[in-house]
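I have placed the structure first, in the form of C-alpha cells, so that the comments after it can refer back to it.
Here is how names work: the chains are called A, B, and so on, in the same order as the sequence lines, proteins then strands, and each is numbered from 1. Nothing here was measured: the structure is a model prediction, and the numbers come from that model.
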2 protein chains.
Amino acid sequence: MGNLADVLRARGYKVTGPRQQVFDALEGTEKPLSPYEIQNLLQEEDSFLNHVTIYRILDLFSRLGLAHRVLSNSGFVKCNLPGQEGCHRFVICRCCGSVQEFADKELCRKEKSFALDCGFHAESHLSETLGLCAKCYGRRDEKTTI
Amino acid sequence: MGNLADVLRARGYKVTGPRQQVFDALEGTEKPLSPYEIQNLLQEEDSFLNHVTIYRILDLFSRLGLAHRVLSNSGFVKCNLPGQEGCHRFVICRCCGSVQEFADKELCRKEKSFALDCGFHAESHLSETLGLCAKCYGRRDEKTTI
DNA sequence: GGCCTAAATGCAATATTGTTGCATTTAGGC
DNA sequence: GCCTAAATGCAACAATATTGCATTTAGGCC
Ligand SMILES: [Mn+2]
Ligand SMILES: [Mn+2]
Ligand SMILES: [Zn+2]
Ligand SMILES: [Zn+2]
C-alpha cells in the first residue's frame with residue numbers, strides 16, 4: 001500500500017512487521033527519535049522489537065533514503081522529500097525539538113561551488129539550521145523544553 | 001602565551017596542564033578526534049588524563065568556541081576561525097577524514113533568509129559538506145581510508 | 001615565599017548507545 | 001504447502017557518556 005512497502009519491494013527487500021512499525025513510529029512524530037526511543041514507543045503499544053533489529057532497520061531506511069539521521073538533535077526522522085539525494089537541509093527548533101526537511105536548489109548549488117573554490121570536490125552536504133519554529137517563536141519566554 | 005591561555009584567562013577559567021594538552025592534541029591534527037582518541041594520543045606521550053576530564057575540557061572548549069564537534073565525522077576539531085559565532089561550515093574528506101573550517105558571509109545570510117521564508121527564526125547553523133579534498137581527489141582510485 | 005579556597009581533576013560506579021556472531025523465525029518465490 | 005535466503009531475536013560485548021563525590025591544584029591574597 002503505502003510508501004514503505006513500495007520502496008522495499010522495488011529494491012528487493014522484504015516487507016515485514018518490524019519495518020512497518022519503525023516506519024510508523026517515525027511517521028508519527030516530527031521530533032527525531034533515537035533507536036531506543038523507538039523501542040520504548042513501540043513497547044507502549046505492547047509491541048516488542050529487539051534494539052539490534054531497530055538499528056538495522058534504521059540503517060536500511062537511511063540507505064534507502066526513507067529516513068535521515070539528524071545530527072544536531074541526535075535521532076532519526078522520516079524523509080519527507082523522497083528522491084532528493086545528497087542534499088539534506090533541516091531546520092531544527094531548539095525549543096520543541098521539531099525538525100523540518102527542505103530542499104533548495106540554489107543553496108545546494110552555492111554550497112557546492114563554494115566548496116570547489118576551496119579546492120574541495122563536494123559530493124553531498126548536510127545543513128542543519130537551529131533556531132525557533134514559528135510556533136515556539138510566538139510563545140517565546142514560556143519555557144524552553146528541549 | 002598562546003591562544004588558549006589568553007582565552008581561558010579572559011573568561012575567568014584556570015590555565016591548566018590538562019587543558020593545554022587537549023588543546024595541543026587538537027592542534028596537532030586536521031582530523032576530528034574523539035575524547036578517547038585524545039586520551040590515547042596523550043598516553044603515547046606518557047601523559048594520562050581521565051576520560052571524564054577530557055569530556056569536560058572538550059565541553060568547555062565548545063562553549064568557548066575553541067573547538068567544534070564535527071557531527072558527520074564524530075569528533076572534535078580545533079576552531080580555526082575564532083570569533084565567528086553561530087555559523088559553522090565544514091568540508092570533510094570522506095577519504096582521509098580531514099576537516100577544514102570555513103566562513104562564508106553570503107551563504108550564511110542565504111541560509112538564514114531561507115529559513116525565515118519557511119517561517120523559522122534562525123539563530124545558528126551548521127553545514128557539513130562531504131566529498132574529497134584536493135589531495136585525495138588527485139589520488140583517486142588508490143584506496144579509501146576512512 | 002606560604003596559606004586558602006573555589007575550581008579543576010581523578011576515580012568509581014553506572015547509564016546509554018552501538019556492534020558482533022550465531023540461533024531461530026519468516027516472507028515470498030516456487 | 002515447501003523451501004531458502006533474508007530478517008529478526010538473543011546474548012554477550014564494546015564503546016561512549018554521565019554522575020557524585022574525594023582529592024588535588026591554580027591563582028588570589030597576605
Ligand atoms: Mn530526505
Ligand atoms: Mn570555529
Ligand atoms: Zn518549536
Ligand atoms: Zn582527503
Side-chain angles (χ1 to χ4, degrees), chain A residues 1-2 4-25 31-43 45-64 66-77 146, chain B residues 1-2 4-25 31-43 45-64 66-77 146:
Chain A
M1 282 278 110
L4 175 64
D6 294 343
V7 175
L8 289 176
R9 271 193 283 263
R11 304 268 232 119
Y13 292 97
K14 294 184 176 174
V15 179
T16 67
R19 285 173 180 168
Q20 266 300 341
Q21 295 170 55
V22 171
F23 193 74
D24 293 347
K31 303 182 202 185
L33 297 174
S34 73
Y36 285 96
E37 284 171 332
I38 291 173
Q39 189 179 47
N40 293 336
L41 264 181
L42 295 178
Q43 220 153 2
E45 304 164 7
D46 292 313
S47 161
F48 181 80
L49 289 188
N50 188 280
H51 72 278
V52 179
T53 301
I54 299 178
Y55 275 97
R56 294 196 271 229
I57 290 176
L58 290 171
D59 188 61
L60 176 66
F61 284 4
S62 299
R63 291 194 320 269
L64 296 180
L66 289 167
H68 298 286
R69 166 153 248 169
V70 179
L71 298 170
S72 308
N73 224 354
S74 204
F76 290 83
V77 289
I146 209 176
Chain B
M1 278 286 107
L4 175 64
D6 293 343
V7 174
L8 289 176
R9 272 194 282 263
R11 304 268 234 119
Y13 291 97
K14 293 183 177 174
V15 179
T16 68
R19 286 174 180 167
Q20 266 301 340
Q21 294 172 55
V22 171
F23 192 75
D24 293 347
K31 305 184 198 182
L33 297 175
S34 73
Y36 286 95
E37 285 171 332
I38 291 173
Q39 190 179 47
N40 293 337
L41 265 183
L42 295 178
Q43 219 152 3
E45 303 165 8
D46 293 311
S47 160
F48 180 80
L49 289 188
N50 188 280
H51 71 277
V52 180
T53 300
I54 299 176
Y55 275 96
R56 294 195 272 230
I57 289 175
L58 290 171
D59 188 62
L60 176 66
F61 284 4
S62 299
R63 292 194 319 270
L64 296 181
L66 290 167
H68 299 286
R69 164 155 247 167
V70 179
L71 299 168
S72 307
N73 224 356
S74 205
F76 290 82
V77 288
I146 210 176

Listed partners of Phe23(A) passing side-chain contact (heavy atoms from CB on, under 4.5 Å), at least two apart: Asn3(A), Leu4(A), Glu27(A), Phe61(A), Leu66(A), Lys78(A)
Contacts of Ser72(B) meeting side-chain hydrogen bond (donor to acceptor under 3.5 Å, both in side chains) (sequence neighbours excluded), chain-then-number -> Glu128(B)
Output the residues of residues 33-41 of chain A in contact with DNA chain D, where contact means a heavy atom of the residue under 4.0 Å from an atom of the strand; sort by number or write none. none
For the pair made of CG in Asn50(A) and P in dA7(D), what is the distance, rounded to whole Å? 16 Å
From the options dT8(D), dC10(D), dT17(C), select the nucleotide whose nearest atom is closest to the side chain of Arg19(A). dT8(D)
Have a look at Arg69(A) and say if it touches a base, only the backbone sugar-phosphate, or nothing, with a 4.0 Å heavy-atom cut-off. sugar-phosphate
Parallel, tilted or perpendicular: rings of Tyr55(B) and Tyr36(B) (30°, 60°): perpendicular
Treat primed atoms plus P, OP1 and OP2 as sugar-phosphate and everything else as base, then score nucleotides 20-30 of chain C 5' to 3': B for base contact with protein heavy atoms under 4.0 Å, S for sugar-phosphate contact only, - for none. BB-----BS--
Are any of the side-chain heavy atoms of Leu64(A) and Leu8(A) separated by less than 4.5 Å? yes
Gap between atoms CZ and C1', on Arg11(B) and dA8(C) respectively (whole Å): 18 Å
Do Val22(B) and Thr53(B) come within less than 4.5 Å of each other through their side chains, counting heavy atoms only? no
Could you state the atom-to-atom distance from CG of Asp59(B) to C1' of dT19(D) in whole Å? 14 Å
Tell me the interatomic distance from Leu58(A), atom CG, to dG18(C), atom P, rounded to whole angstroms. 10 Å
Taking Arg19(B) for the side chain and Lys14(B) for the main chain, is one N or O donor matched with an acceptor at less than 3.5 Å? yes
Toss me the dot-bracket line for DNA chain C: Watson-Crick and G-U wobble, both under 3.5 Å, 5' to 3', using | for pairs to another strand and [ ] for crossers. ||||||||||||||||||||||||||||||
Which residues pass the side-chain hydrogen bond (donor to acceptor under 3.5 Å, both in side chains) test with Ser47(A), not counting sequence neighbours? Gln21(A)
Applying salt bridge (Lys or Arg N to Asp or Glu O under 4.0 Å), name anything that partners Asp59(A), two or more places apart in sequence or on another chain. Arg63(A)
